[in-house]
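Report on one structure; see the data block that follows.
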Amino acid sequence: MQILDGKTLSKKIKQKISNDVQKLKQQNITPGLAVIIVGDDEASHIYVNMKEKACKESGIYSIVHKMPIDIDQEKIIETINMMNNNQNIDGILVQLPLPKHINTQKVLQSISPQKDVDGFHPFNVGKLVLDLDTFAPCTPLGVIRLLDEYKIDLKGLNVCIVGASNIVGKPMMNLLLNRFATVDICHIHTKDLKSHTKRADLLIVGVGKANLIDKDMVKDNAIVVDIGTNRLKSGKLVGDVKFDEVSKKCSFITPVPGGVGPMTIAMLLENTLKAAQQRINRC
Ligand code: GUN
């Protein structure tokens, strides 16, 4: 069994991004990322702090707009419009989830597709489906990059994705389909989950439920990617997969922490750098 080490790969990618940012700065372009966070969800604030820190370390300018939980939707959209028109901002990210009174789709659709570094705007979702150049969502993009690093050939692989969210499962499905994998996508209404997971050469799980996947649900020598991050009452961070028992029967597995999480942040930096490079072409 081999560990898919996202921590080490993300460091390598971040080093390259730092170098590329320095080159852009020599052309008087500093990549800029604006992050909007609404409310005081602890996990969301931790993620945003990590994104801010990563920007700083790689020389990317970042600004965080913190908004109260009862903010009007129109106020969020106003801020996004300001960022859409701000020449120093290349990427805009709205941390999800948003409070219930906000229409998430309306907010995401107000982001200029050229600055949509999360790849959540329908324009970019459509481009991903058509396998056109776009901003792909950071977590599934990070998974692909991690599998590529270990030279795992996706063509013809039987993949099972557990979790069909707009952020992870659906874009993951499209990225894999674009690489000619055969994709099975499961969700809360899937009957007999085990019958699907057990057939997979590559099992990708991202639902946020600790211990969902045990050894009996995994094929011998499967590749297992765990996108879940769950904080147990003890304070320990675990994935959706029972790592101790599943790791004994698979060929590759991502740890939690240190697997997909750091790759997500590296891909956000990469998408922001890409948006800044595209800014030069528009100037
Ligand atoms: N919430 C959980 N994951 C993500 C992500 O990748 N992007 C944003 N904007 N919010 C999230």
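Start at 1 and go down the list; that is how both ligands and their atoms are numbered. Here the structure is a predicted model, which means the values were calculated and not measured.
No N or O atom of Pro97 sits closer than 3.5 Å to an N or O atom of ligand 1. Checked by distance only, ligand 1 and Asp118 come closer than 3.5 Å through their nitrogen or oxygen atoms.
Under the rule for a side-chain contact (heavy atoms from CB on, under 4.5 Å), Lys56 has no partner lying at least two apart in sequence or in another chain. Partners of Gln27 by side-chain contact (heavy atoms from CB on, under 4.5 Å), not counting sequence neighbours, listed by chain and number: Leu24, Ile280.
Every atom of ligand 1 with a heavy atom of Leu93 under 4.0 Å away is listed here by number and element: 9 (N). Atoms of ligand 1 found under 4.0 Å from any heavy atom of Val94, numbered from 1 in the order shown, are 8 (C), 9 (N). Of all atoms in ligand 1, listed by their number and element, those nearer than 4.0 Å to a heavy atom of Phe120 are 7 (N), 8 (C), 9 (N).
In this structure, Lys249 pairs ionically with Asp220, as a charged nitrogen and a carboxylate oxygen lie closer than 4.0 Å. Between Arg145 and Asp148, no side-chain nitrogen of the basic residue sits less than 4.0 Å from a carboxylate oxygen of the acidic one, so the salt-bridge criterion is not met.
Protein heavy atom closest to atom 11 (C) of ligand 1, with residue, atom name and distance, is Gln95 NE2, 3.5 Å. Here the heavy atom of the protein found nearest to atom 3 (N) of ligand 1 is Ile167 CG2, 4.0 Å.
The proximity of Leu96 to ligand 1, defined as any non-hydrogen pair under 4.0 Å, involves the side chain as well as the backbone.
At distances below 3.5 Å, not a single donor-acceptor pair connects side-chain atoms of His65 with backbone N or O atoms of Val38.
The salt bridge (charged side-chain N to carboxylate O under 4.0 Å, His left out) with Lys274 is formed by just one residue from the set Asp116, Asp20, Asp133; it is Asp133.
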